[in-house]
Amino acid sequence: MEKLLVSPSPHLHTKTSTKSLMRDVVIAMMPAVIVSVLFYGWSELLVLGVSVASCVLLEYLITKYLLKKPCTVCDMSAVVTGVLLALNLPATTPWWVVFIGAVVAIGVAKMTFGGLGQNLFNPAIVGRVFLLISFPTYMTDWTRPQGFIGGGIDALSGATPLGAVKEGGIAAIECLDYSDMLFYNIGGSAGELSAIALLIGFAYLLVRRVIKPYITCSIIATVAIFSGIFWAINPAEYTDPVFNILTGGLLLGAIFMATDYVTSPMSNVGGIIFGVGIGIITMLIRYFGAYPEGMSFAILIMNSVVPLINKWCHTKKYGR
Amino acid sequence: MMKTFSIGGIHPSDSKISKDCKIEVLPVPSKVFISVAQHLGAPATPIVKAGDTVKVGQVIAEPAGFISAYVHSSVSGTVKSVGPRKDLAGNNMTHIEIDVEGDEWVEGVDLSDTLITAIPEDNKAILEKIKMCGVVGLGGATFPAHVKLCPPPGKVADCLILNGAECEPYLTSDNRIMIERSKEIVVGAAIMKQVLGGCKTVIGIEENKPEALAAMTAAVAQLQKTAKGYDGISVMTLKKKYPQGGEKQLIDAVMGRQVKSMGLPIDVGAVVQNVATSLAVYEAVQKNIPLITNVMTITGDCLPMEKQHNYKFRIGMPLSYIAEVAGGVPEQAAKIISGGPMMGKAIANMEATTVKGSSSLLYLTAEQTVRGVESACIRCGKCAEACPMGLEPFLLQKYARHNMTDELEENAVQDCIECGCCLYSCPANIPLLDIIRIAKGDVIRIIRTRK
């Protein structure tokens, strides 16, 4: 003890850091990642590898040579974006398309705004939507690659359940078994495969207090109520609530993308408004829009009103 | 269902390492330096000069205003000098230097252990004694106790809350006095309760102090059986959560009422006093002993068990002397705190001396206390979740960095209690409280000038 440190209080600090939070998110995505690799095999591993590697590399290059700022790769947020982007793509996506997605996600959606904490839109979703619009053929090719297990479960090859409904009406999905969908879905992005895997991740995030349940639960509740009303009125034309919750990346989006700290409201009330908005927009697009799936667009649209929500919704103050 | 406050709060490890260390009496050093600023408000005016002989308990400085307090000599001997000396933050303050000779007390002080349970009837005389004995709040703010016990006209106390929460990690002095001096504390509470007009009295203690809870409950029960004036006193177990011992939070936890912004506890009928203050009131009123001693904890993870202590000290003892008696400053200590790790002050000068409100010497290692490098706000909202006043620190710090005082006031920066929950919780190591504390000072100054 040569010299004493002197600083204002408090003198202790939590062990939770940006890095540990991001690490928890990556851990929470692992069940979904493992299921997708098991069922989609080497091609899914390639998508994951390219996505994570290019997100991290791009962030490193941009901070070092373009922004000339301290490197932020160590906070692991680029890894989160990489895994999320991969889970949002079909396992058959060519590597160069994945790379373009990473360029848009990290380069355009994240770093142009100033990096972590500054971006208005969720980088992974911006990447995914860019690819969906630019390369619709790759992005809607749901042919199932050979996985490590469970080779023959393609009840509906070539289209997602939601896509099938858009084209063939509700009759196209009559053969679906919801209990199958809980464990392994039938076509769609890699991350949509298993609802159970996603819910395990959700539970982990809640237990570790990384996120609060408000946003996720309000999205699911809104979708359930919205589709429930339409389905009750006309079950021959509109899909039912369970179907809507289990398909179209709704759980993936509600658990991992809408809850992104940076692009979601700060307050609990704000989170509920945000979630209800996403739920309504998703269902409007699914029932009445041109695209079969609306989750990505709904999150992006609601991302854009987060500053307004934050302006209106404040915490309950003591004694006021 | 255990009670706690309703908004925010955090759960740091409580680290009550020294909770089982009995109170030991520190030997008196050969020289003491007694500060004239040991309380909130105006520093007292010295009334002794070099060459005067003083006894233990003799008044050596008088209050210099309504919010001020008497200071007494903690030793007997000769005044060597009256002049500036550096306090623990390194600022100059008038200290009275006394060379110790023997241990001769002033007349009329009862130093026996006999418990006096009969409460004097004259409230005015009680208040006068509390004032003359220099009793101040020992929970941290050192606000003169007699002022708090005289509600302004028109205000009535519904509930006296005795603060035994000791929510700061590491500190165990309140825990020890509640175990070892429980009856005296209850008598002190009964005295204050009588002064306040016989209101309900609740002693709030956090669940992590089972021994203190048991001792205080037993003391209340016994005094209610054997003496008069002890009705309506009860012990309440509180859930462990920081900052439970904050005045506003404790009122919310115990009474379910919230003090309005810029208001006083008495506005909602509450008077909060620390358990150590209650003990000081007992000693002043029943024993004529002025406030010249208190209990402090010597602790830290880097100290071996045998060097953990709870010491009864006298005011004016140099901190370096106490550290030496306790076994020396550990090699690994990077920062020494006076007070708890959440709200205490980092000591810049170990030659500073103890004051009435001293509560600890806490040794923290570099690993424990050095802050990480600040990174970008990820808008996780953990600071707002933690704030026990329901403020939004992420927003306040942004406004503060741009000096937007109107927005700061609108978002209640003046309500900040500086508990440190926001800075503690921030995963990006943003110095939230450092920035907000400065902004709060500015805004309060603006509000005052407007009035």
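Letters go in sequence order (proteins before strands), and every chain restarts at 1.
Atom CG in A:Asp260 sits 10.0 Å away from atom CZ in B:Arg379 (nearest 0.5 Å). A:Ser267 contributes atom OG, which lies 11.5 Å from atom CD of B:Glu385 (distance to the nearest 0.5 angstrom). One finds the CG atom of B:Leu423 at 8.5 Å from the OG atom of A:Ser9 (value rounded to the nearest 0.5 Å).
A 4.5 Å side-chain heavy-atom check between A:Leu12 and B:Leu364 finds at least one atom pair inside the cut-off. In this structure the side chain of A:Leu116 reaches within 4.5 angstrom of the side chain of B:Ile378, judged on heavy atoms.
Chain A forms the most heavy-atom pairs under 4.5 Å with one residue out of B:Ile10, B:Asn411, B:Val268, and that residue is B:Asn411. Ranked by heavy-atom pairs under 4.5 Å with chain B, the list A:Arg320, A:Lys212, A:Lys19 is led by A:Arg320.
The two residues B:Gln258 and A:Gly319 make their nearest non-hydrogen contact at OE1-N, 2.7 Å. Heavy atoms only, all atoms of each residue included: B:Tyr424 and A:Thr14 are closest at O-CG2, 2.7 Å. Closest non-hydrogen pair, B:Gly420 versus A:Pro10, comes out as O-CG, 3.5 Å. Residues B:Asp434 and A:Pro8 share a closest heavy-atom pair of OD1-CG, 3.7 Å.
With a 4.5 Å cut-off on non-hydrogen atoms, B:Tyr170 touches chain A through its side chain but not through its backbone. With a threshold of 4.5 angstrom between heavy atoms, B:Cys377 approaches chain A through N, CA, C or O but not through any side-chain atom. Proximity to chain B is absent for every atom of A:Lys15, based on heavy atoms less than 4.5 angstrom apart. Using a 4.5 Å cut-off between heavy atoms, B:Pro388 contacts chain A through its backbone alone, with no side-chain atom that close. Residue A:Leu21 touches chain B through its side chain alone, counting heavy-atom pairs closer than 4.5 Å. Only the side chain of A:Asn310 comes within less than 4.5 Å of a heavy atom in chain B; its backbone stays farther off. Looking at B:Ser375, the atoms closer than 4.5 Å to chain A (heavy atoms on both sides) all sit in the side chain, from C-beta outward. Residue B:Arg257 touches chain A through its backbone alone, counting heavy-atom pairs closer than 4.5 Å. Contacts of B:Asn349 with chain A are absent, with no heavy-atom separation under 4.5 Å from either backbone or side chain. The contact between B:Lys248 and chain A is made by backbone and side chain atoms together, counting heavy-atom distances below 4.5 Å. Using a 4.5 Å cut-off between heavy atoms, B:Pro12 does not touch chain A at all.
A donor-acceptor pair under 3.5 Å is absent between the side-chain atoms of A:Ser17 and the main chain of B:Pro427, judged by distance alone. A donor-acceptor pair is defined here as one N or O able to donate and one able to accept, closer than 3.5 Å; such a pair exists between the side chain of A:His11 and the backbone of B:Gly344.
For the residue pair A:Ser7 and B:Lys335, a side-chain donor N or O sits within less than 3.5 Å of a side-chain acceptor on the partner.
Looking at B:Asp415, B:Leu391, B:Ile7 one by one, the single match for side chain to side chain contact (heavy atoms under 4.5 Å, CB included) with A:Lys317 turns out to be B:Leu391.
Applying the ring pair (Phe, Tyr, Trp, His ring centres under 6.0 Å) definition to pairs two or more places apart or across chains, none involves residues 299-320 of chain A.
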